[in-house]
J.: 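Got a structure for you, questions after.
All figures in this text were calculated on a predicted structure; none of them were measured in a lab.
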Amino acid sequence: MGRSQITTSVTNTSGYIHSVETCGTVDGPGIRFVIFTTGCPLRCLYCSNPDCRYLENGKQVTVDELITEIQKYASYMKASGGGVTACGGEPLFQPEFVREIFRRCQELGIHTALDTSGFCKLETAKSVLEFVDLVLLDIKSFDPAIYRKVTSVDIEPTLNLAKYLSEINKPTWIRFVLVPGLTDDPNNISMLADFISTLNNVERVEVLPFHKMGEYKWEELGYEYELKETPTPTSEEIEKALTIFRNKGLRVL
């Protein structure tokens with residue numbers, strides 16, 4: 001069956017997920033229940049989850065089913081200062097579904113985090129942010145040409161969301177993937193650091209070293225992985241990037 005023939009239905013009571021991780025420790029504070037949604041408008045060259053590109057890559061589940069599962073781990077999450085994180089894919093590709101998950105979590109006193117590229121209409125994001133405690137905002141580059149090369153989309157929606165998050169003082173962590181020969185240009189990093197330093201809500205910046213852990217998925221799916229020859233950044237290259245952010249007064253990890 002061709003993709004165009006597949007009918008999917010996303011509502012505020014059900015949506016599509018690839019999988020969940022019950023004891024995540026890298027997508028927000030504490031121990032987290034991580035929901036990997038499917039569907040994403042970006043085509044990042046280094047994507048670790050290319051199997052989350054389309055809604056039908058996942059399975060349809062209800063919010064009730066997820067909340068039942070989440071509650072099994074509530075004590076661990078709360079004791080560690082953790083909570084629930086929605087990532088993907090792009091969670092804002094299914095805004096009503098993700099909004100309802102977060103609304104229900106907050107009713108239960110569970111911390112919520114949204115891991116997003118920010119590529120969506122700002123009004124769409126606003127409806128979800130009402131029930132978000134922390135945003136993990138991935139800014140792939142600041143140079144528009146590099147951003148488009150990395151993602152195949154424009155940077156403007158992401159920057160608009162970043163500015164809005166600052167306006168409403170929503171706690172935010174900025175994530176930047178350091179890719180040798182692609183995003184590591186010092187001017188690109190410096191411009192990103194300058195931009196972030198204008199925001200008043202950023203608690204930290206995470207510099208994530210490029211890796212190829214998702215390459216095998218690309219091969220299994222028959223996609224061309226263009227970064228086969230790209231090395232992981234050296235410790236010296238990572239430190240140079242960290243220094244640029246620190247010199248702008250930003251807290252980096």
Side-chain angles (χ1 to χ4, degrees), residues 21 24-32 34 42 44-49 80-83 85 87-88 90 111 113-119 133-151 155-166 169-215 226-253:
E21 181 181 357
T25 57
V26 296
D27 296 306
I31 296 174
R32 308 197 70 81
V34 184
L42 279 65
C44 297
L45 295 179
Y46 51 72
C47 180
S48 297
N49 299 312
S80 67
T85 299
C87 60
E90 170 52 65
H111 182 274
L114 175 70
D115 184 358
T116 179
S117 70
F119 187 80
D133 293 309
L134 171 69
V135 177
L136 311 178
L137 182 61
D138 302 309
I139 304 183
K140 322 286 184 174
S141 162
F142 192 79
D143 182 289
I146 297 174
Y147 191 91
R148 173 164 280 280
K149 183 175 181 180
V150 171
T151 67
I155 191 175
E156 204 61 33
T158 297
L159 300 185
N160 289 340
L161 178 60
K163 293 172 187 175
Y164 176 72
L165 293 172
S166 180
N169 202 32
K170 181 71 69 175
T172 299
W173 296 0
I174 301 293
R175 290 177 151 181
F176 170 72
V177 179
L178 184 68
V179 187
L182 188 58
T183 66
D184 63 339
D185 183 281
N187 289 329
N188 181 43
I189 300 172
S190 183
M191 288 190 296
L192 177 58
D194 283 337
F195 173 72
I196 296 172
S197 67
T198 68
L199 309 176
N200 58 29
N201 60 318
V202 176
E203 297 181 344
R204 63 200 254 184
V205 177
E206 296 183 334
V207 175
L208 308 177
F210 164 72
H211 62 73
K212 300 181 185 179
M213 287 189 285
E215 182 179 359
E226 296 182 24
L227 303 182
K228 282 181 177 291
E229 306 304 320
T230 301
T232 56
T234 65
S235 57
E236 291 79 10
E237 290 169 332
I238 295 170
E239 188 56 37
K240 285 180 181 178
L242 293 173
T243 298
I244 292 172
F245 287 113
R246 288 193 187 109
N247 286 344
K248 300 297 181 180
L250 300 168
R251 179 171 179 252
V252 293
L253 294 173

J.: Got a second to check how far Ser48's OG is from Glu215's CD, nearest 0.5 Å?
T.: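 Answer for the OG-CD pair, Ser48 versus Glu215, is 11.0 Å.
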J.: Check whether any side-chain heavy atom of Leu182 lies under 4.5 Å from a side-chain heavy atom of Leu45, and answer yes or no.
T.: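 Yes, side chains in contact.
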J.: Check whether Asp184 reaches the backbone of Gly181 with its side chain - one donor and one acceptor, N or O, closer than 3.5 Å.
T.: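 Such a contact is found between Asp184 side chain and Gly181 backbone.
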J.: Show the nearest heavy-atom pair for residues Glu206 and Arg204, with the distance to one decimal.
T.: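 Closest approach of Glu206 to Arg204, heavy atoms only: OE2-NH2, 3.0 Å.
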J.: For Leu161 and Gly118, which heavy atoms make the closest approach, and how far apart are they?
T.: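 Distance-wise, the nearest heavy atoms are CD2-CA, 3.5 Å.
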J.: Between Thr183 (side chain only) and Val179 (backbone N and O only), is there a donor and an acceptor less than 3.5 Å apart?
T.: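 Looks like yes, one N/O pair under 3.5 Å.
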J.: Taking the side chain as every heavy atom from C-beta outward, state whether Pro180 and Thr230 have any atom pair closer than 4.5 Å.
T.: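 Touching, per the 4.5 Å side-chain cut-off.
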J.: Applying the side-chain contact (heavy atoms from CB on, under 4.5 Å) criterion to Val252, which one of Val205, Ile174, Ile196 satisfies it?
T.: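 The option that passes is Val205.
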J.: Short question: side chain of Ser166, backbone of Asn200 - any donor-acceptor pair under 3.5 Å?
T.: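 Side chain of Ser166 to backbone of Asn200, a donor-acceptor pair under 3.5 Å: yes, one is there.
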J.: Quick one: closest heavy-atom pair of Val207 and Ala241, and the distance?
T.: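 In terms of heavy atoms, the two residues are closest at CG1-CB, 4.4 Å.
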J.: Between atom NZ of Lys240 and atom CD1 of Ile238, what is the distance when rounded to the nearest 0.5 Å?
T.: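 Atom-to-atom, Lys240:NZ and Ile238:CD1 are 12.0 Å apart.
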J.: State which residue, out of Phe195, Tyr147, Phe176, fulfils the ring pair (Phe, Tyr, Trp, His ring centres under 6.0 Å) condition with Phe142.
T.: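 Per the ring pair (Phe, Tyr, Trp, His ring centres under 6.0 Å) rule, the option paired with Phe142 is Phe195, out of Phe195, Tyr147, Phe176.
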J.: What's the verdict on side chain to side chain contact (heavy atoms under 4.5 Å, CB included) for Asp143 and Asp185, showing C-alpha distance, side-chain angles and the deciding distance?
T.: CA-CA 10 Å; Asp143 182 289; Asp185 183 281; over 6 Å; no
J.: Which heavy-atom pair separates Leu134 from His111 by the least distance, and what is that distance?
T.: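 Looking at all heavy atoms of both residues, the closest pair is CB-CE1, 3.8 Å.
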J.: Between Lys212 (side chain) and Lys228 (backbone), is there a donor-acceptor pair under 3.5 Å?
T.: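 Yes, the answer is positive, given that a donor and an acceptor are paired below the 3.5 Å cut-off.
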J.: Determine the minimum heavy-atom distance between Ala193 and Phe245, stating which atoms define it.
T.: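 Closest heavy-atom pair between Ala193 and Phe245: CB-CD2, 3.6 Å.
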J.: Using modelled atom types and a 3.5 Å cut-off, is there a donor and acceptor pairing between side-chain atoms of Ser141 and backbone atoms of Ile146?
T.: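 No, Ser141 side chain to Ile146 backbone: no donor-acceptor pair under 3.5 Å.
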J.: Measure from the side-chain N and O atoms of Thr85 to the backbone N and O of Asp27, and report whether any donor-acceptor pair falls under 3.5 Å.
T.: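 Flag set: sc Thr85 to bb Asp27 pair under 3.5 Å.
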J.: Does this structure show an ion pair linking Glu203 with Arg251, if we count only N-O contacts that are shorter than 4.0 Å?
T.: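 Here Glu203 does not pair with Arg251 in a salt bridge, since their nearest N and O are not under 4.0 Å apart.
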J.: Distance check, rounded to the nearest 0.5 Å: Glu237 atom CD versus Thr232 atom OG1?
T.: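 One finds 8.5 Å between CD of Glu237 and OG1 of Thr232.
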J.: State whether Arg175 and Asp115 are salt-bridged, where the test is any N-O pair (Lys NZ or Arg NE/NH1/NH2 against Asp/Glu carboxylate O) under 4.0 Å.
T.: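 Salt bridge present between Arg175 and Asp115.
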J.: Apply side chain to side chain contact (heavy atoms under 4.5 Å, CB included) to Lys140 and Leu42, showing your working.
T.: CA-CA 11 Å; Lys140 322 286 184 174; Leu42 279 65; 4.1 Å; yes
J.: Going from CG on Asp138 to OG1 on Thr116, what distance comes out if it is rounded to the nearest 0.5 angstrom?
T.: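 If we round to the nearest 0.5 Å, Asp138:CG and Thr116:OG1 are 7.5 Å apart.
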J.: Evaluate side chain to side chain contact (heavy atoms under 4.5 Å, CB included) for Phe119 paired with Thr151, printing each intermediate quantity in order.
T.: CA-CA 10 Å; Phe119 187 80; Thr151 67; over 6 Å; no
J.: For the CG atom of Leu178 and the CD1 atom of Ile189, what is their distance to the nearest 0.5 Å?
T.: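 Here the rounded value is 5.5 Å.
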J.: What are the two closest non-hydrogen atoms of Gly88 and Asn49, and how far apart are they?
T.: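 Smallest interatomic distance, heavy atoms only, reads O-ND2, 3.1 Å.
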J.: Could you measure the distance from the CG atom of Leu192 to the CD1 atom of Ile155? Nearest 0.5 Å is fine.
T.: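 Here the rounded value is 8.0 Å.
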